**Q** 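Sharing a structure here in structure tokens format.
Below, chains carry the letters A, B, ... as their sequence lines are ordered, and counting in each starts from 1. What you see is a predicted model, and the numbers here were worked out from it, not measured in a lab. Computation of the quantities below employed the complete heavy-atom set of this structure, encompassing side-chain atoms and omitting hydrogens, waters and symmetry-equivalent molecules.
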Amino acid sequence: MKKFMPVEELARDERFNQITQADRMADARSAVPANAESTRRSSNRLTPARADASDAARSLMHGIFVGEIQALEGAGRTCWDFTTGEEAPFGLKLDMARQAWDEARHVEISLKLGDWMGSDVGQYAENTVLFQAACSNDPVLRLAGVNRALEGLAIDVFTSMKEFGEMAGDPYLEFCEDWMLADEVTHVKMGSDWLRKVTENDPERRKKALEFQSIVDKMFSYGGSRSDSDESSLGIARRFRELAGFTSDENEHIAELGLQALEERKAQIREKQAAAKN
Amino acid sequence: MANPQKPRAPFAPWDRRELPGSFSVEETARRVGHYKWAEMKLFEALGGWIATVPELDIKMRLGTHCYKHAWHAELWHKRLPELREMNPERLTLPANDAMVRFIEAMTEPEAPELTIEKLVGVYRVFIPHFISAYTYHLNNTSEITDMPTIRSIKFILQDEFDDWREGEMLIQSLLETTEEVDRAAAHQARLEKIMLEAGGIAGPGSIGINTPAPQGAMS
């Protein structure tokens, strides 16, 4: 078995339909109609009051499910791709194995929740952007991209989903999301701790890792889908992020990235609307 | 309890543990070092394979089993300094070259259509050899002086038996044709021959056969 598996080789059964982030952005169904501004919702947060709440929640749950599969695969690959001692400390690999077990349980939970919410495996496309962030050949960059950026996003997603379960009066959903949230805080903390430890005497490597994290964070903001603005479907779960080792400054940086991505997306929409009118 | 001052036998009638054991401190450390190396190779392989198997149920099981073997490696890593090996890496070694070749052959299957070979290597060859080496160690070490190793082996064996059963059931669920049965058997035989050359997880003497005379043991 080779080291460093490309994202195109992720093994799936025939139910899955994989797409890249580029495919997603180029999807014609994402095109903005000329009257989009007048039909735009004032808030995009997932609440039971939204007319499309059920489908949006099912879609988000499927996104969580495929994200958990990729997180499981990414943690597993970190156990395999790096030589113990020379490339990655023994303790770091033990933590990645632990994370693989946690992610396997999250896949199980997501499958059961998807069933509970009435969706099927493969009902929505699988965006492979998460595994792409797990492909770096530097374990420190992988920790920054996966454990801090990706798992940080998971904290935001699970917090939103837990709140949705609470508002919708669904204790089953709320209970499960809360348990997964506890694991994600642990994973982000693992990333924060190892990043600090491994780059203790290598400030250049740490800088590079944090820059990579910032790129991945922006990528995961999906054109402003996560920010403090109600126009974003996800908020930033500051309290849980701080528990996981993010500083207030880091949380503010992520919030700024989200707003920046949102503004960029809105500018693109305006351009498309203008072009459609002409 | 009539009289708390009355002397009692230090070993209760049901406590039949014996002091003698087959392994010296050095021999125990050597074996534990080989166990740790082998458990590490197993958890790394299971982790790597997760992304290569298309079957969702198997993908999840590999993730679960990956952690169990990492935990076993951690237990052995912590045991080594207690056996006077202050640099655990020094004894974290394969038993011999054949053992290295076994791992190379076991981890060779990569393509998504080779799930049978991946599982056969782990659950029909490697894990049964772990079970036999651990059982031999459990039954032959001093039940008093080496109790910490015994305790770890008991926890580990529970995992090994659970995983062995789960893995075997997954293999049986994948074998749908006689050709697939042949494939599984051929791969098992190929790996078993290399393991025979290796002499087991801890080398010759892993289960007491072909063992050199123990040094410093008290049997």
Side-chain angles (χ1 to χ4, degrees), chain A residues 1-16 18 65-66 68-112 121-122 128 131 134-135, chain B residues 36-37 39-78 80 87-90 92-93 103-115 117-118 121-122 159 163 166 174:
Chain A
M1 177 170 39
K2 64 176 166 292
K3 305 268 182 184
F4 306 110
M5 184 179 181
V7 68
E8 299 76 30
E9 288 182 18
L10 284 178
R12 295 285 182 274
D13 69 39
E14 61 188 23
R15 289 171 296 182
F16 290 84
Q18 293 182 327
F65 160 62
V66 293
E68 297 295 356
I69 295 177
Q70 290 172 41
L72 162 63
E73 294 169 325
R77 289 306 296 192
T78 302
C79 295
W80 173 255
D81 289 343
F82 303 107
T83 308
T84 308
E86 294 157 36
E87 296 172 327
F90 178 55
L92 185 155
K93 289 178 70 166
L94 293 181
D95 275 351
M96 290 302 107
R98 169 60 199 232
Q99 190 172 326
W101 179 31
D102 295 345
E103 306 297 3
R105 288 199 318 281
H106 293 183
V107 177
E108 292 170 340
I109 295 166
S110 306
L111 276 164
K112 287 191 183 287
V121 171
T128 52
F131 189 80
C135 287
Chain B
K36 182 193 158 194
W37 185 88
E39 291 280 12
M40 279 174 65
K41 293 298 159 192
L42 179 51
F43 95 72
E44 290 169 357
L46 291 170
W49 272 330
I50 295 168
T52 72
V53 295
E55 298 88 355
L56 191 52
D57 57 332
I58 297 174
K59 208 181 264 295
M60 293 188 287
R61 293 277 61 75
L62 294 185
T64 305
H65 292 188
C66 168
Y67 170 65
K68 290 186 185 180
H69 296 288
W71 183 66
H72 303 164
E74 188 181 15
L75 287 177
W76 295 136
H77 179 77
K78 287 177 176 170
L80 282 169
N87 176 11
E89 312 314 328
R90 205 181 66 82
T92 307
L93 299 167
I103 296 296
E104 283 167 1
M106 188 191 80
T107 56
E108 213 176 79
E110 179 170 12
E113 57 275 10
L114 295 180
T115 305
E117 282 77 2
K118 291 167 193 168
V122 172
D159 281 345
D163 295 359
E166 237 176 354
L174 289 174

**Q** What's the shortest heavy-atom distance between A/Ala11 and B/Val53, and which atoms?
**A** CB-C, 3.5 Å
**Q** Between B/Glu74 and chain A, with a heavy-atom cut-off of 4.5 Å, which part of the residue counts as in contact: side chain, backbone, both or neither?
**A** both
**Q** So do B/Glu44 and A/Thr84 actually touch side chain to side chain, heavy atoms under 4.5 Å?
**A** yes
**Q** Between OG1 of B/Thr52 and CZ of A/Arg77, what distance do you get to the nearest 0.5 Å?
**A** 7.5 Å
**Q** Using every non-hydrogen atom in the two residues, find where B/Ala70 and A/Leu94 come nearest and quote the distance to one decimal.
**A** O-CD2, 3.3 Å
**Q** Under a 4.5 Å heavy-atom cut-off, does chain A meet the side chain of B/His77, its backbone, both or neither?
**A** side chain
**Q** Any idea which of A/Lys3, A/Glu108, A/Glu9 has the most non-hydrogen atom pairs under 4.5 angstrom with chain B?
**A** A/Glu108
**Q** Rounded to the nearest 0.5 Å, what separates atom CG in B/Leu62 from atom CG in A/Leu72?
**A** 8.5 Å
**Q** Taking atom NZ of B/Lys59 and atom CD of A/Glu103, what is their separation to the nearest 0.5 Å?
**A** 13.5 Å
**Q** To the closest 0.5 Å, what do you measure between CE (A/Met96) and CZ (B/Phe43)?
**A** 10.5 Å
**Q** So which of A/Gln70, A/Gln99, A/Lys93, A/Arg105 has the largest heavy-atom pair count under 4.5 angstrom toward chain B?
**A** A/Lys93
**Q** Identify the two heavy atoms, one from B/Ala51 and one from A/Met5, that lie closest to each other, and give their separation to 0.1 Å.
**A** O-CE, 3.3 Å
**Q** Counting only heavy atoms not in A/Lys2, do more than 12 sit closer than 6.0 Å to its NZ atom?
**A** yes
**Q** Drop me the distance from B/Thr107's OG1 to A/Trp80's CH2, to the nearest 0.5 angstrom.
**A** 4.0 Å
**Q** In terms of heavy-atom contacts, does CD of B/Glu113 have more than 12 from other residues, nucleotides or ligands at under 6.0 Å?
**A** yes
**Q** Tell me, for B/Ala111 versus chain A, whether the close heavy atoms (under 4.5 Å) come from the side chain, the backbone, both or neither.
**A** neither
**Q** Locate the shortest heavy-atom distance separating B/Ile50 from A/Ala100; write the atom from each residue and the value.
**A** CD1-CB, 4.4 Å
**Q** Among B/Gly48, B/Cys66, B/Gly47, B/Ala45, single out the residue with the greatest number of heavy-atom pairs under 4.5 Å to chain A.
**A** B/Gly48
**Q** Identify which of A/Asp102, A/Thr78, A/Asp13, A/Leu111 forms the greatest number of heavy-atom pairs closer than 4.5 Å to chain B.
**A** A/Asp13
